[in-house]
Amino acid sequence: MILPKFIRHIRNLLAILGNLEEQRPLVFYSEGKNYWVHLEGLIKEFLATSEVPVCYISSSSDDPGLHYQCANYSSFEIDEGFIRDWLFANMDVDVVVMTMPDLNQYQVKRSKKTVHYVYVQHSLVSMHMVYRPHAFDAYDTIFCAGPHHIREMRAIEAKNGLPQKRLIEHGYSRLDAILAKKRDLPESGVDSSAVKHILIAPSWGSSGTIESGVGARVVEELLARGYRVTLRPHPQTLIFAKAIVDSIIEQHKGNPSFEFEGNVAGQSSLHDSHLMISDWSGAALDYAFGLGKPVLFIDVPRKVNDPSYTELGIEPIESSIRDVVGMVIPPDFSSLPIEECLAFNVTDNPIEDYVYNISNSSPVGARYLRELLLEFKA
């Protein structure tokens with residue numbers, strides 16, 4: 001099976017190269033299906049307002065972007081290894097748009113040609129604590145979800161003596177999609193008289209809520225107290241801590257009040273639940289800002305991939321926002337204060353203070369890409 005798959009990716013590579021040479025399109029790259037939601041609105045808006053062809057490349061066969069159909073839109077699957085890395089190192093286009101940090105640090109390098117790289121946020125969290133050092137150095141333009149991203153990037157540039165990038169007040173497509181879905185639902189939203197539905201959606205890492213064993217305890221207590229529970233792990237948790245997740249599922253698989261959700265791109269559990277339990281996950285900000293619902297934060301150790309983040313003197317938004325959108329409890333909690341947290345009023349804090357261009361990020365981003373491409377024709 002290895003050889004046919006390799007041959008398929010070689011054929012795809014040749015098709016991509018032919019597409020790039022013939023059309024010289026705007027290129028979007030996705031690491032997989034969970035990133036389509038962050039690029040979909042931008043791609044569709046650009047296609048609706050420009051004659052420039054779009055080439056969408058994904059490293060996941062089940063990426064919805066590979067099945068999207070539109071004039072001037074071509075999509076291709078590529079592997080995550082040598083073939084993809086060679087393509088990126090030799091790509092000859094004007095602009096590449098990605099949601100992948102660490103460009104030029106590991107396997108994926110900047111092209112040997114003159115290419116302008118645009119980074120699109122796939123989370124509202126900070127850019128200086130949860131990402132590795134120099135994660136964004138190789139990008140030319142950064143689409144910023146909110147004022148915190150601009151503050152952080154300018155501080156990173158000053159600290160490291162880097163030239164200033166183009167920082168665009170873009171917004172956050174995932175949040176826009178949640179708000180759009182909310183508008184389509186009945187005004188009443190979730191039934192306040194129904195059994196309370198608790199969504200558990202933490203981040204990932206060795207100290208995370210699920211990986212540390214706290215998650216199993218949370219699920220058990222919630223079910224014992226009669227709540228509906230949906231467990232929605234981060235995709236990386238399903239890779240690196242699958243045995244722990246499988247153990248929780250096995251323990252409660254016969255309980256009709258327990259559900260497991262493996263697709264974080266979906267929205268149903270967000271809209272149907274009354275409360276989220278999280279830790280340092282960006283999903284908590286999507287939930288609170290998009291739906292106005294409270295979050296109960298388990299105070300496990302911070303997810304820190306850049307220990308020098310404190311040198312910038314900027315408190316990460318995922319830390320400073322906690323008391324604004326919910327409650328915080330220690331991982332050795334004696335009991336979960338569900339009812340108290342449900343009474344928390346998130347809507348007292350306007351999301352416009354934290355996120356740019358609410359419900360309008362795609363037109364803003366598409367306009368910038370059109371203007372950027374015109375620079376290459378000048």
Side-chain angles (χ1 to χ4, degrees), residues 28-29 31 35 38-39 42 88 95-111 114-175 203-205 207 234 236 279-286 289 301-322 324 351-357 361 364-365 368-369 371-372 375:
F28 288 80
Y29 172 68
E31 295 172 83
Y35 297 93
H38 302 289
L39 298 172
L42 184 58
F88 270 84
V95 178
V96 175
V97 183
M98 300 194 292
T99 63
M100 184 179 69
D102 297 311
L103 174 64
N104 223 44
Q105 293 213 88
Y106 300 101
Q107 293 92 342
V108 178
K109 306 294 185 184
R110 284 185 63 108
S111 175
T114 301
V115 178
H116 190 103
Y117 289 87
V118 178
Y119 180 80
V120 175
Q121 305 292 335
H122 64 266
S123 176
L124 287 172
V125 299
S126 65
M127 301 180 73
H128 65 308
M129 183 174 80
V130 301
Y131 294 100
R132 299 181 185 93
H134 310 291
F136 308 100
D137 288 4
Y139 280 94
D140 304 292
T141 291
I142 304 288
F143 276 14
C144 298
H148 58 292
H149 285 156
I150 289 185
R151 290 194 299 270
E152 292 159 4
M153 282 310 305
R154 290 298 184 230
I156 289 170
E157 291 165 347
K159 173 178 175 286
N160 296 326
L162 299 172
Q164 290 195 342
K165 305 178 185 302
R166 300 186 187 188
L167 303 185
I168 307 303
E169 295 183 1
H170 175 230
Y172 186 49
S173 184
R174 171 66 167 168
L175 180 61
S203 187
W204 67 283
S207 300
H234 191 283
Q236 295 297 317
D279 43 33
W280 297 100
S281 174
L285 280 68
D286 300 350
F289 288 156
R302 294 188 181 207
K303 185 177 178 181
V304 179
N305 283 311
D306 185 354
S308 69
Y309 81 93
T310 56
E311 297 176 13
L312 298 186
I314 300 175
E315 183 68 4
I317 189 173
E318 59 270 32
S319 172
S320 62
I321 203 70
R322 289 172 140 200
V324 175
I351 59 176
E352 289 82 1
D353 291 348
Y354 301 95
V355 184
Y356 294 126
N357 302 308
S361 66
V364 171
Y368 173 75
L369 293 178
E371 293 171 354
L372 179 62
E375 293 181 23

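Heavy atoms only: backbone and side chains are in, while hydrogens, waters and symmetry mates are out. If you read the sequence from its start, that first residue is 1, and numbering goes on from there.
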Separation between CE (Met98) and CG (Leu39), nearest 0.5 Å, reads 10.5 Å
side-chain contact (heavy atoms from CB on, under 4.5 Å) test vs Ile156 passes for just one of His128, Glu311, Arg151, namely His128
Ser111 and Tyr117 have their tightest heavy-atom pair at N-OH, 2.7 Å
>> For Val120 and Phe28: C-alpha separation, side-chain torsions, deciding distance, then whether side chain to side chain contact (heavy atoms under 4.5 Å, CB included) applies.
In response: CA-CA 10 Å; Val120 175; Phe28 288 80; 5.9 Å; no
Residues passing the side-chain hydrogen bond (donor to acceptor under 3.5 Å, both in side chains) test with Lys165, sequence neighbours excluded, are none
**Close side-chain approach of Met127 and Ile314, heavy atoms under 4.5 Å** = no
Nearest heavy-atom contact between Leu42 and Phe143 is CD2-CE2, 4.0 Å
In short, salt bridge (charged side-chain N to carboxylate O under 4.0 Å, His left out) pairs touching residues 121-139 with sequence neighbours left out are Asp102-Arg132
Rounding to 0.5 Å, atoms NE2 (His170) and CD1 (Ile150) come to a distance of 12.5 Å
Salt-bridge contact Arg166-Glu375 (side-chain N to carboxylate O under 4.0 Å)
yes
* Keeping the roles fixed (side chain from Arg110, backbone from Ala138), state whether a donor-acceptor pair exists under 3.5 Å. => yes
Check your understanding: Are any of the side-chain heavy atoms of Tyr354 and Leu285 separated by less than 4.5 Å?
Key -> no
### Message
Are Tyr29 and Phe88, when compared by the centres of their aromatic rings, separated by less than 6.0 Å?
### Response
yes
Taking every heavy atom of Leu167 against every heavy atom of Cys144, the minimum-distance pair comes out as CB-SG, 4.0 Å
query: Taking C-beta and beyond as the side chain, do Met129 and Glu152 meet within less than 4.5 Å on heavy atoms?
result: no
Looking only at heavy atoms, the pair that brings His116 and Leu372 closest together is CD2-CD2, 3.6 Å
Donor-acceptor pair, side chain of Asp306 and main chain of Tyr131, under 3.5 angstrom: no
Worksheet item: Does His134 reach the main-chain N or O of Asn160 with its side chain, forming a donor-acceptor pair under 3.5 Å?
Response: no
Heavy-atom closest pair (Lys159 atom, Leu312 atom, distance to 0.1 Å) is CD-CD2, 3.5 Å
One should read off an interatomic distance between Leu124 CG and Tyr172 OH, to the nearest 0.5 angstrom, of 5.0 Å
Do Tyr309 and Ser126 pair up side chain to side chain, a donor and an acceptor below 3.5 Å, judged on atom types alone?
no
Here the gap from Tyr119 atom OH to Met153 atom CE, rounded to the nearest 0.5 Å, amounts to 10.5 Å
Minimal heavy-atom distance between Val125 and Gly282, with the atoms involved, is CG1-CA, 3.5 Å
Checklist entry - Please walk me through it: do Glu315 and Arg302 pass salt bridge (Lys or Arg N to Asp or Glu O under 4.0 Å)? => result CA-CA 12 Å; Glu315 183 68 4; Arg302 294 188 181 207; 2.8 Å; yes
When rounded to the nearest 0.5 Å, the distance separating CD of Gln236 from CH2 of Trp204 is 5.0 Å
